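Working notes, beginning with the structure itself.
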Amino acid sequence: MAENKSALQQIRSELDSLSAQGLRRRLRTVTGPQRSETTLDSQPTTILCSNNYLGLADDLRLQALAVEAIREYGCSSGASRLISGTMSLHRQLEKELAAFKGTEGALVYNCGYMANLGVLATVVGDGDAVYSDALNHASIVDGCRLSRAVVNIYRHGDVQHLADLLAAGSAYRRRLIVTDSVFSMDGDLAPLPEIVALAQKYDALLLVDDAHATGVLGDHGRGSGSHFSLPASAIDLLMGTLGKALGSYGAFVAGRQEYLDYLTNKSRPFIYTTALPPAVLGASLAAVRVLQNEPGLVAELRKKILYTRSRLRDLGFTVPDDPTPIIPIIVGDAGRTMELSEKFLAAGIFIQGIRPPTVEAGKSRLRVTITRDLSWSRIDEILAVFASFRDLFPPVAER
Ligand code: PMP
């Protein structure tokens with residue numbers, strides 16, 4: 001019986017059971033620079049699953065400002081933000097992010113995971129209610145749990161369900177709707193204009209996770225609000241990340257200064273951790289400036305996304321018509337997904353298989369992502385590999 005086993009034995013048998021179900025995960029090591037053409041476990045490989053959408057991770061301008069920041073300010077912030085860790089670089093980045101998003105202010109967090117935890121656990125609590133899309137990111141799920149608010153999960157993208165839940169619960173002190181704008185494993189968009197209207201109708205706060213929209217959607221990659229032509233004031237708390245399209249690391253919350261002051265005073269994942277170091281801030285600043293000055297990068301990414309999606313469709317893959325770089329190719333079974341991932345790897349293309357618990361059982365998938373630094377000729381070669389593997393994918397009916 002499990003209770004009589006030592007902790008180590010229990011852990012071993014849990015790992016064995018993960019292996020038996022095809023769900024055991026292992027780390028793969030990128031041994032070259034972080035770009036689409038690199039080396040993985042020392043083999044030349046094309047990465048087709050990273051979030052480095054604009055290919056900025058090894059951009060020389062980001063490198064230069066990161067190095068300059070180290071030279072000028074050193075390697076560490078040395079303390080948390082409210083002690084002595086706030087450096088002029090944090091303030092500068094916050095100022096430029098607010099200008100980029102068109103909001104009163106922005107507050108830098110150490111990463112998106114912490115920002116989501118930090119906002120949710122601060123803005124709502126006992127006696128409050130959260131309304132969260134069923135496919136929201138794990139950091140939102142964890143933030144909801146940590147908040148101790150009543151959590152209402154609405155069916156994915158279903159605004160009618162959200163409206164029904166909001167209509168049914170008016171007794172709460174405060175209410176907050178939270179959604180990814182681009183869903184990280186499906187690449188589809190939340191119906192933001194309708195959600196904004198519901199937030200206004202029911203006087204609920206709105207938190208939008210723009211992790212996969214920042215640098216990708218909207219004018220100059222300003223994000224989902226711009227994509228849907230919403231005024232910046234429509235989203236109370238906008239969370240964006242700097243470690244995906246922006247090629248650096250970290251995250252921010254943009255919105256009214258009073259909300260940001262509240263977070264500065266009360267948000268534990270903001271307060272109780274060492275502030276981001278100069279190199280990271282330098283790279284982030286450079287990335288925001290690249291977006292401001294070079295909208296052509298976002299346009300090039302978009303062309304490559306549209307092209308790849310439509311060619312995959314021509315090859316008979318079921319590919320939804322979303323404007324995002326995340327293309328889920330649903331396989332179904334976890335083991336089969338990993339076999340296909342291995343097949344692509346043997347052909348020099350790394351597409352990580354996504355399995356439960358990240359996605360629902362029976363919905364395992366290859367999560368293909370398009371990055372701007374893939375050359376057009378390489379995209380065509382990759383599509384040829386998809387064509388040659390077409391029959392290895394289960395027919396649609398089986399998925
Ligand atoms: N939100 C979403 C939708 C994400 O996909 C991720 C990262 N995978 C995060 C938040 C967390 O961001 P970070 O990686 O900066 O912690």
Side-chain angles (χ1 to χ4, degrees), residues 25 27 30 34 47 49-54 56-57 62 90 93 97 106-121 130 132-147 153 156-157 176-190 192 195 206-217 221 223-225 227 235 237-254 267-270 273-277 280-281 283-284 287-288 322 324-328 352-355 357-359 365 367-371:
R25 298 165 183 224
L27 300 170
V30 172
Q34 196 58 255
I47 307 274
C49 52
S50 94
N51 304 320
N52 178 24
Y53 302 125
L54 290 174
L56 290 176
L62 273 68
H90 293 92
L93 178 60
L97 283 168
L107 190 67
V108 167
Y109 272 78
N110 286 12
C111 66
Y113 194 104
M114 290 170 78
N116 277 338
L117 290 192
V119 172
L120 285 158
V130 185
S132 178
D133 186 288
L135 292 191
N136 274 342
H137 188 256
S139 54
I140 295 178
V141 175
D142 294 355
C144 288
R145 288 178 185 150
L146 195 63
S147 76
I153 309 288
H156 178 53
L176 179 137
I177 303 170
V178 55
T179 184
D180 285 5
S181 54
V182 173
F183 289 87
S184 55
M185 296 300 134
D186 293 81
D188 57 336
L189 297 183
L192 270 194
I195 293 175
L206 176 60
L207 166 62
V208 172
D209 177 335
D210 238 11
H212 297 276
T214 309
V216 173
L217 293 183
S224 58
H227 173 83
I235 299 169
L237 297 148
L238 186 286
M239 199 291 288
T241 59
L242 303 163
K244 294 182 166 56
L246 273 78
S248 177
Y249 181 73
F252 61 93
V253 177
S267 176
R268 295 165 70 88
F270 174 81
T273 189
T274 302
L276 284 179
V280 166
L281 299 165
S284 298
V288 176
D322 296 307
T324 74
I326 303 168
I327 310 176
Q352 181 60 280
I354 307 288
R355 297 165 278 175
T358 308
V359 292
R365 65 198 62 187
R367 174 183 179 270
V368 171
T369 59
I370 303 305
T371 56

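A quick note: this is a predicted structure, and the numbers were derived from the prediction, not measured. Ligands are counted one by one from 1 in listed order, and the atoms in each one are counted from 1 as well.
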In the protein, which heavy atom is nearest to atom 11 (C) of ligand 1, and how far is it?
Y113 N, 3.4 Å
Atoms of ligand 1 under 4.0 Å from any heavy atom of A211, numbered from 1 in the order shown, are 1 (N), 2 (C), 3 (C), 4 (C)
Look at atom 5 (O) of ligand 1 and say which protein heavy atom is nearest, naming residue and atom and giving the distance to 0.1 Å.
H212 NE2, 2.6 Å
With sequence neighbours left out, the residues meeting side-chain hydrogen bond (donor to acceptor under 3.5 Å, both in side chains) with S248 are S284
Considering only the protein, which heavy-atom contact is closest to atom 7 (C) of ligand 1, and what is its distance?
K244 NZ, 2.5 Å
Nearest-neighbour protein heavy atom for atom 3 (C) of ligand 1, which is reported as residue plus atom name and distance
D209 OD2, 3.4 Å
Give me the atom names and distance for the closest heavy-atom approach of I370 to Y53.
O-CD2, 3.7 Å
Polar contacts were defined as any N/O atom of the residue lying under 3.5 Å from an N/O atom of the ligand; does this apply to V182 and ligand 1?
no
Looking only at non-hydrogen atoms, find the nearest pair between L135 and F183 and report the distance.
O-CD2, 3.4 Å
Check if S139 has a non-hydrogen atom at a distance under 4.0 Å from any atom of ligand 1.
yes
So is M114 touching ligand 1 or not, going by heavy atoms under 4.0 Å?
no
Closest non-hydrogen atom pair, H137 against S184
CD2-OG, 3.8 Å
Heavy-atom nearest pair, A211 first then K244, reads O-CD, 3.6 Å
Under 4.0 Å from any heavy atom of T241, which atoms of ligand 1 are there?
12 (O), 15 (O)
Could you tell me, atom by atom, which parts of ligand 1 come under 4.0 Å of a heavy atom of G112?
11 (C), 12 (O), 13 (P), 15 (O), 16 (O)
Mind checking what makes side-chain hydrogen bond (donor to acceptor under 3.5 Å, both in side chains) contact with T358, not counting sequence neighbours?
R25
For atom 9 (C) of ligand 1, find the nearest protein heavy atom and state the residue, atom name and distance (0.1 Å precision).
H137 CE1, 3.4 Å
Is any side-chain heavy atom of D322 closer than 4.5 Å to one of D186?
no
Result for side chain to side chain contact (heavy atoms under 4.5 Å, CB included) between V178 and one of N136, L206, I195 points to N136
Exercise: identify the closest heavy-atom pair between P325 and V216
CD-CG1, 3.6 Å
Which one holds for C111 and ligand 1: side chain close, backbone close, both close, or neither close, with close meaning a heavy atom under 4.0 Å?
both
Considering distance alone, does some N or O of D180 sit under 3.5 Å from an N or O of ligand 1?
no
